[in-house]
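The structure appears right after this line, and notes come after that.
We use all heavy atoms of the structure for the numbers below, so side chains are in, but hydrogens, waters and symmetry mates are not.
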Amino acid sequence: MRPHKKKLAFLAAWTICAQSRAYPQNTIEQFQPLVEKAAQRIVIAEQVALAKWDTGMPVEDTAREEQVIVSANKAGESRGLDQASVSNFFRAQIEANKLVQYSLLAEWRRVGKAPDHAPINLTDTIRPELDQVETALIAELAQTAGIRARLSCPTDIARAVGKYVSAHKNSFSPVKAIALDRAMAAACTS
């Protein structure tokens, strides 16, 4: 092979390798808004747990859970999203939220009290916040539909969650990190 052809072959191979290395990082960045919104929902779970501590309400609220799923499906349908994938994603969000609630309530029971806090109104304050996060999650599901269908999605999601948790390690407890993994477990459609 002539020297200039060797250089061209090397440049072509190098470009392909460089692009394949850049692809996952770009995908991880594309997943960050979705991960951040799921994390925001998990942070709100602490407020939900405090409200349930104050009122004695159980963590399980199947009627509310079904209402969230129906609402998410309707919103997802208007954005062209598959109903089954939206349902699975939001069921994972709910399960992650309950994981945090159960963990916090058990911790507070062990020490005999919840942290000091102002009264929290679950219906008038927290649920509207959760509804706003739901809207943002639907938008991100639509935005990431293509990359969520890739075979590399589970790995990319795990790395995106890892990046978020690492960046927020001082404010994001291990339980919340596990919950975020659970919340994102149903994000992929492949």
Side-chain angles (χ1 to χ4, degrees), residues 28-29 31-73 75-76 85-141 143-144 148 154 157-188:
I28 292 166
E29 291 303 318
F31 275 131
Q32 283 309 299
L34 181 63
V35 170
E36 287 170 12
K37 288 301 171 190
Q40 182 181 353
R41 196 174 195 289
I42 288 166
V43 168
I44 294 171
E46 186 169 352
Q47 298 300 305
V48 174
L50 286 168
K52 290 182 177 181
W53 173 270
D54 291 344
T55 62
M57 289 174 57
V59 170
E60 303 289 330
D61 186 350
T62 54
R64 171 64 181 164
E65 292 171 21
E66 210 43 49
Q67 187 180 36
V68 169
I69 300 296
V70 167
S71 173
N73 281 336
S85 67
V86 171
S87 289
N88 290 339
F89 181 78
F90 276 89
R91 286 192 198 291
Q93 299 303 303
I94 290 166
E95 290 305 315
N97 205 282
K98 292 191 304 189
L99 180 97
V100 172
Q101 291 176 51
Y102 277 119
S103 177
L104 290 172
L105 288 167
E107 182 180 322
W108 300 336
R109 288 182 186 115
R110 283 190 286 274
V111 298
K113 65 178 190 139
D116 292 333
H117 62 281
I120 298 169
N121 188 315
L122 186 59
T123 304
D124 296 337
T125 306
I126 302 303
R127 286 188 178 156
E129 281 184 55
L130 288 169
D131 293 342
Q132 287 179 339
V133 172
E134 175 188 312
T135 300
L137 283 167
I138 291 291
E140 289 304 325
L141 287 175
Q143 184 72 28
T144 58
R148 289 184 304 104
I157 286 285
R159 289 180 178 158
V161 168
K163 180 178 179 176
Y164 179 89
V165 169
S166 182
H168 296 87
K169 62 184 165 203
N170 293 333
S171 61
F172 214 68
S173 70
V175 168
K176 289 179 183 171
I178 292 166
L180 186 55
D181 281 328
R182 175 64 185 109
M184 297 304 295
C188 300

With rounding to the nearest 0.5 Å, note down the distance linking [atom1] in [X] to [atom2] in [Y].
X: Q32; Y: T144; atom1: CD; atom2: OG1; value: 12.0 Å
X: I94; Y: N97; atom1: CD1; atom2: CG; value: 8.5 Å
X: I42; Y: M184; atom1: CD1; atom2: CE; value: 9.0 Å
X: I126; Y: Q47; atom1: CD1; atom2: CD; value: 5.0 Å
X: E66; Y: S87; atom1: CD; atom2: OG; value: 8.0 Å
X: L180; Y: H168; atom1: CG; atom2: NE2; value: 10.5 Å

V48 and L130: CA distance, side-chain angles, deciding distance, side chain to side chain contact (heavy atoms under 4.5 Å, CB included) verdict: CA-CA 10 Å; V48 174; L130 288 169; 4.3 Å; yes

For the residue pair [X] and [Y], what are the closest heavy atoms and their distance?
X: I157; Y: C188; value: CG1-SG, 3.8 Å
X: L105; Y: A49; value: CD2-O, 3.7 Å
X: V35; Y: A160; value: CG2-CB, 3.9 Å
X: L122; Y: A51; value: CB-CB, 4.0 Å
X: A96; Y: A179; value: CB-O, 3.1 Å
X: A92; Y: A186; value: CB-CB, 3.9 Å

Donor-acceptor contact below 3.5 Å, side chain [X] vs main chain [Y]:
X: S103; Y: L99; value: no
X: E140; Y: P33; value: no
X: R148; Y: L141; value: yes

Heavy-atom distance under 4.5 Å between the side chains of [X] and [Y], does that happen here?
X: V175; Y: E107; value: no
X: S71; Y: E134; value: yes
X: L50; Y: P115; value: yes
X: L34; Y: K37; value: no

Sequence neighbours excluded - ring-ring contact (aromatic ring centres under 6.0 Å, His included) pairs with any residue from residues 85-107: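 Matches after skipping sequence neighbours: none remain.
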
Using a strict 4.0 Å threshold on nitrogen-to-oxygen distance, state whether [X] and [Y] make a salt bridge.
X: D61; Y: R127; value: yes
X: D54; Y: K113; value: no
X: E65; Y: R91; value: no

Worked verdict on R64 versus D131 for salt bridge (charged side-chain N to carboxylate O under 4.0 Å, His left out): CA-CA 12 Å; R64 171 64 181 164; D131 293 342; 3.2 Å; yes

Qualifying residues under salt bridge (Lys or Arg N to Asp or Glu O under 4.0 Å), relative to R109, sequence neighbours excluded: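 Partners of R109 under the salt bridge (Lys or Arg N to Asp or Glu O under 4.0 Å) test: none.
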
Neighbour count above 12 (heavy atom, 6.0 Å) for Q143 CD: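 It does not: Q143 CD has 12 such atoms or fewer within range.
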
Test item: side-chain donor near acceptor, Q101 and K98, under 3.5 Å: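 No - no donor-acceptor pair under 3.5 Å links their side chains.
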
